[in-house]
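Side chains are part of it too, since the values below use all heavy atoms of this structure and drop only hydrogens, waters and symmetry mates. Since the structure is predicted, the reported quantities are computational estimates derived from the model, not experimental observations.
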Amino acid sequence: MDTIFHIIILVFSVVIHEVAHGYAAYMLGDHTAKYQGRLTLNPLKHLDPFGSVILPLLLHLSNAGFMIGWAKPVPFNPYNLKNQRWGEAIVAVAGPLSNIAIALIFGIFIRIGLTAGFMSAEVLNITAYIVLINLVLAVFNLVPIPPLDGSKIIFTIFNVQWNQTRLFLERFGFFLVLGFVFLLWPVVSPVILHLFALITGVSI
């Protein structure tokens with residue numbers, strides 16, 4: 001039951017992440033996501049069978065100690081963006097920022113609840129997991145490997161357009177991401193735990 005509940009939290013967190021991308025693009029002049037019905041919190045519009053269900057279950061069954069996933073990327077046309085120089089980076093960073101905002105809101109709730117003494121253990125566990133999963137999503141998506149958001153931010157900063165290097169990285173990015181998840185995640189996880197303690201005042 002806990003696993004199902006955790007996947008539900010993950011799904012809604014990645015949905016918010018993708019909708020944030022869509023709204024950022026919309027505000028910058030691209031209406032692609034709106035026309036395709038993706039500016040909605042309805043998870044059925046966003047679920048990716050592998051990233052939203054299969055991978056989280058595999059990580060749980062393998063006792064990996066963490067759970068990550070993703071939804072179907074919200075489409076946008078970079079050529080429609082009003083800001084051609086930084087538009088793609090703005091759209092990319094909107095997703096992780098939405099997860100950071102969620103983590104901060106629920107982290108402050110934990111701090112207030114523990115200080116005031118009205119937070120039960122059950123509520124603490126649920127709220128703490130919301131904070132944790134959103135921090136995981138934010139940090140994970142800021143990794144500069146295609147198709148993660150961090151790669152688009154880096155490509156924009158260094159003004160890397162659709163050249164052979166970028167096309168090559170994006171072609172094999174899925175395998176690089178899987179390699180990162182299963183091989184390098186232990187290097188990143190201490191950063192997330194430190195951020196969690198900093199936001200909530202609780203160590204795990």
Side-chain angles (χ1 to χ4, degrees), residues 4-57 59 66-110 126-156 170 173-174 177 181 192 195-196 199:
I4 295 174
F5 185 74
H6 289 170
I7 291 177
I8 290 173
I9 293 176
L10 173 64
V11 166
F12 277 98
S13 297
V14 296
V15 165
I16 292 172
H17 177 105
E18 291 301 330
V19 172
H21 285 313
Y23 268 107
Y26 181 80
M27 296 300 292
L28 288 172
D30 177 60
H31 295 183
T32 304
K34 181 181 180 181
Y35 294 151
Q36 296 192 15
R38 297 294 302 278
L39 296 186
T40 174
L41 293 177
N42 179 0
L44 297 180
K45 295 286 188 178
H46 302 279
L47 287 181
D48 176 88
F50 182 80
S52 305
V53 180
I54 296 174
L55 179 60
L57 281 175
L59 291 173
F66 63 95
M67 186 182 291
I68 59 171
W70 54 81
K72 292 188 295 186
V74 167
F76 78 97
N77 187 339
Y79 296 106
N80 289 338
L81 301 178
K82 297 174 184 177
N83 189 331
Q84 284 293 300
R85 177 65 181 93
W86 298 103
E88 189 175 9
I90 294 170
V91 173
V93 80
L97 283 181
S98 69
N99 296 123
I100 292 171
I102 294 171
L104 288 173
I105 290 169
F106 283 92
I108 292 171
F109 179 71
I110 289 174
I126 294 171
T127 312
Y129 190 78
I130 293 173
V131 175
L132 182 61
I133 195 63
N134 277 278
L135 286 176
V136 169
L137 288 172
V139 173
F140 173 65
N141 278 283
L142 287 172
V143 173
I145 301 174
L148 301 179
D149 300 323
S151 66
K152 296 178 177 62
I153 297 170
I154 292 296
F155 290 153
T156 301
E170 294 192 342
F174 178 76
V177 169
V181 168
I192 295 172
L195 291 172
F196 178 90
I199 292 171

* side chain to side chain contact (heavy atoms under 4.5 Å, CB included) partners of Ile16, counting only residues at least two apart ->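 Applying side chain to side chain contact (heavy atoms under 4.5 Å, CB included) to Ile16 gives Leu41, Ser98, Ile102.
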* Which residues pass the side chain to side chain contact (heavy atoms under 4.5 Å, CB included) test with Ile105, sequence neighbours left out? ->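 Partners of Ile105 by the side chain to side chain contact (heavy atoms under 4.5 Å, CB included) criterion come out as none, since no residue qualifies.
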* Tyr129 atom OH, over 12 foreign heavy atoms within 6.0 Å -> yes
* Check the surroundings of atom NZ in Lys72: do more than 12 heavy atoms from other residues, nucleotides or ligands lie under 6.0 Å from it? => yes
Search all heavy atoms of [X] against all heavy atoms of [Y] and return the closest pair with its distance.
| X | Y | answer |
| --- | --- | --- |
| Met27 | Lys82 | O-NZ, 4.1 Å |
| Leu81 | Gly87 | CD1-C, 3.5 Å |
| Pro43 | Val15 | CA-CG2, 3.9 Å |
| Lys152 | Ala92 | CB-CB, 3.8 Å |

* Asked: Can you list the residues that meet the ring pair (Phe, Tyr, Trp, His ring centres under 6.0 Å) rule with Tyr26, with sequence neighbours excluded?
  ->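 Only His31 meet the ring pair (Phe, Tyr, Trp, His ring centres under 6.0 Å) criterion with Tyr26.
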* Partners passing ring pair (Phe, Tyr, Trp, His ring centres under 6.0 Å) against Phe106 (at least two apart in sequence or in another chain) -> none
Contacts table for residues 135-148: side-chain donor-acceptor under 3.5 angstrom, sequence neighbours left out:
{"residue": "Asn141", "atom": "ND2", "partner": "Leu137", "partner atom": "O", "Å": "2.8"}

* Asked: Can any side-chain N or O of Glu18 pair as donor or acceptor with the backbone N or O of Pro75 at less than 3.5 Å?
  ->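 The answer is no, because no donor-acceptor pair under 3.5 Å joins these two groups.
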What residues form a side chain to side chain donor-acceptor pair (under 3.5 Å) with [X], not counting sequence neighbours?
| X | value |
| --- | --- |
| Ser13 | Asn134 |
| Thr32 | Asp30 |
| His17 | His21, Asn99, Asp149 |

* Asked: Can you say whether the rings of Phe174 and Trp70 are parallel (under 30°), tilted (30 to 60°) or perpendicular (over 60°)?
  -> perpendicular
